[in-house]
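Before any comments, here is the structure.
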Amino acid sequence: MTSRYSILSLARNALTGHRDWPQAWRSPPPKRQYDVLIVGGGGHGLATAYYLASLHGIRNVAVLEKGWLGGGNTARNTTIVRSNYLWNESTRLYEHSMKLWEGLSLQLNFNVMFSQRGVLNLGHSLQDMRDITRRVHANRLNGVDGEVLDTAQVKQLVPIINDSPTARYPILGASFQPRAGVARHDAVAWGFARAADSLGVDIIQQCEVTAIRRNGGQVVGVDTTRGPIDARRIGVAAAGHSSVIAAMAGLRLPLQSHPLQAFVSEPIKPVLNTVVMSNAVHAYISQSDKGDLVIGAGIDAYTGYGQRGSFHTIEHAVEAIVEMFPTFSRVRMNRQWGGIVDICPDACPIIGTTPIQGLYLNCGWGTGGFKATPGSGWVFAHTIAQDRPHELNAPFSLQRFTTGHLIDEHGAAAVAH
Amino acid sequence: MLLIDCPWCGPREDSEFTYGGQAHIERPSPSEAASDADWGDYLFMRTNPRGLHREQWLHSAGCRQWFNVERDTVTYRIGRVYRCGEPPSTDPQ
């Protein structure tokens, strides 16, 4: 069993040179049968397993991960957490997640380094500012914090920003959500993994699902690279590979998987203490505690599973960053990478039941799933445990692509998450 | 960077093109007979395969013609390029 992390355990382990820390979670071989299987050991899958075990008393659960924890999108994003969406449905879902973030380190006994340093969404035109004002009003009606800032207030928060009125895309103002911020992404995966494991969940890495077995309209298990496993409830949280998994069960999804790139600079001294995003010029940036600038680009237009994208996409993001922050023009970039994001036509996720009994989907988070990690796991665990969605995720059903009741979040979500 | 062999202009880099998504999607016909599920499938559902994908591209900064491409979505290797109206190859790869 895992021991509790505390100042005492830190001091005790310091005395022995940090050589005797216990393993954070077990790596058991898969059992032949589980009550629930979660396909995908990213943040969403691990959070689902944790809430199944902690809130719903379902502990005979395995999380199947084809790679390693924190090897997929969980550790490939730019770690931004916010809840300032436009529509009621999405605001409620993301704000629920935000509230879970606010207590997460204590709850998991794992420091996820959630830092509420605020997020700015810049406006560069009169229409941008109208949209921002509308969104902030909608947020406040939904109990989400937010304010509209003018150029001078933006400059006060971010002194290094280029506020010249003659800039190609002048900054006319911004929305600001003070409670938003960033978190340490792989700590989120590790924290949920450790907490779920301590409740009895088996986390099985290097285990790829190759087929979903059905008996009529009911799922009965999966075949994996580590042998067959039986389960009558299977939750799929496979992000960019959701279409591939769903196809194993004969389901078609409205998803398209695209490469999304990000990059970090060399570490520099603290210069940016909030998150700056711009949908119009297509870039977002924050500075990590380590000092590197974390920069997100847009998706590549074509679909792809290759975890890499086009160079001109990076170039485009860098141009926008240098335009907004001329002082960064001589900062060197250290690393660049891509992740595979599952884009939904309305830029909103699909979380719910499917026409196949016992098969549940949690996908379509596109470019912005990280912020939703705890909330996504919370509603998905409820959906699997009760065999019906929670009222928070009921609007996000697969069925909406037949009824036409889409939740069009492109205005607040399309580019920069 | 993809090098796309436009059937009219020859090989050009992908920044000259606009991506048009999955090719060979047929509109339900007659449309008044289509159910909501048929329409939903036509509008939104996509194969999104890992591997061979038949897709549409528009040479927007060139000849402005639409055409079809067979591309591998993992290696990004481009195979056959063919004009609209031509049938896709029947071999699996």
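Residue numbers begin at 1 in each chain, while the letters A, B, ... track the order of the sequences.
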Distance (rounded to the nearest 0.5 Å) between [X] [atom1] and [Y] [atom2]:
X     : Y      : atom1 : atom2 : result
B:Y19 : A:Q256 : OH    : CD    : 6.0 Å
B:D14 : A:S310 : CG    : OG    : 4.0 Å
B:S15 : A:H316 : OG    : NE2   : 12.0 Å
B:T47 : A:R252 : OG1   : CZ    : 7.0 Å

What residue pairs, at least two apart or across chains, pass side-chain hydrogen bond (donor to acceptor under 3.5 Å, both in side chains) with a residue in residues 348-364 of chain A?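 Listed once each, the pairs are A:Q357-A:D387, A:Y360-A:D387, A:N362-A:W365, A:N362-A:S376.
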
Among B:R71, B:M1, B:H53, B:E55, which residue forms the greatest number of heavy-atom pairs with chain A at distances under 4.5 Å? B:R71

Counting only heavy atoms closer than 4.5 Å, note whether [X] contacts chain B via side chain, backbone, both or neither.
X      : value
A:A247 : neither
A:L255 : both
A:I314 : neither
A:Q399 : neither

So [Y] and [X], do their side chains get closer than 4.5 Å, heavy atoms only?
X      : Y      : value
A:Y302 : B:F17  : no
B:Y76  : A:R308 : yes
A:F401 : B:L43  : no

Proximal component of B:D41, with respect to chain A [non-hydrogen, under 4.5 Å]: both

For A:Y305, what residues pass the ring pair (Phe, Tyr, Trp, His ring centres under 6.0 Å) criterion, not counting sequence neighbours? A:H241

A quick test of your reading: do over 12 heavy atoms of other residues, nucleotides or ligands sit less than 6.0 Å from [atom1] of [X]?
X      : atom1 : value
A:R168 : CZ    : no
A:H405 : NE2   : no
B:W8   : CH2   : yes

Test side-chain hydrogen bond (donor to acceptor under 3.5 Å, both in side chains) on A:T403 and B:D36; report intermediate values, then the result. CA-CA 7 Å; A:T403 62; B:D36 287 354; over 6 Å; no

Heavy-atom pair count under 4.5 Å with chain B, highest-scoring of A:T402, A:V244, A:T303: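 Highest number of pairs under 4.5 Å: A:T303.
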
Give a yes or no answer on whether the side chain of B:N48 reaches the backbone of A:S243 with a donor-acceptor pair at less than 3.5 Å. no

